[in-house]
Participant: 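The structure's right below; bear with me while I get my questions together.
Indexing begins at 1, ligand by ligand and atom by atom, following the structure's order. Just so it is clear, the model here is predicted, and its values are computed rather than measured.
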Amino acid sequence: MAEDIPANSEATALEWDAADPLPTRRAEFHMLPYDGAYSEIAYFAGNSLGLQPKSAAQVLQQELDDWARLGVEGHHEGSRPWVYYHENLRHTTAELMGAQPNEVVVMNTLTVNLHLMMISFYRPTAERHTILIEDDAFPSDSYAVRSQAALRGFDPDDAVIRLAPRAGEHTLRTEDIVAAIAATGDRLALVLMGGINYYTGEAIDIAAITRAGHAAGAIVAIDLAHAAGNIELSLHDWDVDWAAWCNYKYLNGGPGAAAGAFVHERHLANPAVPKLHGWWSTNPSTRFQMTPTVDEQPSADAWSMSNPPILAMAPVLASYRMFAETGLANLRAKSKRLTAYLEAQLHPVMATRPMRIITPADPELRGAQLSVQFDALDVRDLTARLRANHGVICDARQPDVIRLAPVPMYSTFHDCWRAAQALAAEVPPA
Ligand SMILES: *Cc1c(COP(=O)(O)O)cnc(C)c1O
């Protein structure tokens with residue numbers, strides 16, 4: 001696809017923006033100001049922290065006003081009573097995940113949710129206690145699985161298998177993941193993989209990996225931090241056991257936003273699955289009878305413990321409305337156009353420089369992000385120069401990669417053109 005798109009002029013990039021079937025919603029975000037050749041930053045870090053929807057302030061202010069006006073009565077009164085606040089998010093969460101509404105809940109933060117799910121679904125035995133992750137898993141996931149193994153009395157170095165790409169390759173092949181799962185067989189307790197890898201931007205074949213994991217008798221879990229709001233998902237139909245994600249990357253819910261979790265229907269309403277309970281795990285109709293034992297909800301809410309963090313959820317509500325309005329399928333289609341365009345702009349730059357895209361070229365094997373790897377170049381210094389000299393914000397990931405994510409809600413073809421121009425200016429030809 002990328003070959004069809006010529007590396008072209010600024011005027012052409014602007015034409016592409018004007019002609020795209022899905023108009024940008026850029027004006028509805030706080031774009032960062034830039035005092036240079038352009039008035040706005042070209043923002044490529046929405047895979048790390050999405051920009052602020054202008055509507056977030058109003059939704060948040062509503063809750064501050066209700067708190068000021070109602071105090072404790074805000075739990076049951078006001079525009080959106082707080083005891084049910086997470087219900088405002090359920091429908092869109094379910095759509096984004098390809099889940100049934102009872103399979104999802106917004107709660108806590110991502111790493112906390114990984115741990116809560118492992119309390120329930122990592123129940124190792126002497127024979128079956130191995131956890132399979134990617135070798136370049138996000139550090140928090142790596143620390144989480146290692147500490148879970150240790151918590152259950154196993155040596156993390158023995159319990160956790162890290163799957164690396166073949167020599168000379170940057171990303172994992174589905175056939176190799178499936179083979180590793182089969183080879184681990186009866187020893188495999190849990191597969192935990194990023195739906196999209198944070199470092200390479202590779203989208204894994206979740207359905208195939210889930211089938212392989214189940215054939216080995218293991219639980220299959222997906223960390224959707226970089227997939228949520230980025231690619232279309234069908235967690236229920238793919239038969240994934242559980243998943244967790246954050247709402248502040250592509251989902252623009254704000255720093256530290258309340259996160260989400262998915263538990264497949266077949267694990268719901270099953271008291272045999274152990275959980276850590278709190279008063280939000282219990283049946284809401286009897287919650288305030290203050291009984292000493294839990295009446296577990298027959299939904300993913302059984303895993304929720306605390307009353308919802310309203311101030312960390314209100315911006316998520318503002319953002320989710322935009323996703324519900326625009327539709328993930330439309331965003332994904334535009335995302336493919338933007339990412340292919342960025343790729344095409346980078347090709348002539350890369351032709352004469354010691355740099356390469358390590359993200360898969362197949363649009364089905366990636367989302368919005370392109371990871372670019374450099375030889376003998378300080379990537380932190382490079383991103384600082386891209387920002388200072390060109391108003392292009394992207395991030396560096398050690399040791400040698402920068403990540404560029406054109407986000408279909410607010411990024412433009414013109415932003416992509418700017419990024420390629422900036423790299424051409426800052427990376428010396430070999
Ligand atoms: C962003 C990210 C996290 C962050 O975890 P928090 O608990 O939200 O701080 C964890 N795992 C992955 C794969 C991520 O991409």
Participant: Which pair of non-hydrogen atoms, one from Ile231 and one from Arg366, has the smallest distance, and what is that distance?
Facilitator: CG2-O, 4.2 Å
Participant: Nearest protein heavy-atom contact for atom 14 (C) of ligand 1: which residue, which atom, what distance?
Facilitator: Lys249 NZ, 2.8 Å
Participant: Could you verify whether a donor N or O on one side chain and an acceptor N or O on the other, from His390 and Gln421, lie under 3.5 Å apart?
Facilitator: no
Participant: Side chains of Arg321 and Ser55: is there a donor and an acceptor less than 3.5 Å apart?
Facilitator: no
Participant: Among all the protein's non-hydrogen atoms, which is closest to atom 5 (O) of ligand 1, and how far away is it?
Facilitator: Thr111 OG1, 3.3 Å
Participant: Looking just at side-chain N and O atoms, do Asn88 and Tyr320 make a donor-acceptor pair shorter than 3.5 Å?
Facilitator: no
Participant: Name the closest protein heavy atom to atom 4 (C) of ligand 1, giving the residue it belongs to and the distance to 0.1 Å.
Facilitator: Tyr248 OH, 3.2 Å
Participant: So is Tyr198 polar-close to ligand 1, meaning N/O to N/O under 3.5 Å?
Facilitator: no
Participant: In plain terms, say whether Asp295 and Arg287 are close enough for a salt bridge, that is, a side-chain N and a carboxylate O under 4.0 Å apart.
Facilitator: no
Participant: In ligand 1, which numbered atoms sit nearer than 4.0 Å to a non-hydrogen atom of Asp223?
Facilitator: 11 (N), 12 (C), 13 (C)
Participant: Return the residue, atom name and 0.1 Å-rounded distance of the protein heavy atom closest to atom 11 (N) of ligand 1.
Facilitator: Asp141 OD1, 2.6 Å
Participant: Would you say Thr200 and Thr171 are linked by a side-chain donor-acceptor pair, where the criterion is simply a distance under 3.5 Å?
Facilitator: no
Participant: Out of all atoms in ligand 1, which are within 4.0 Å of some heavy atom of His226? Include the element for each.
Facilitator: 15 (O)
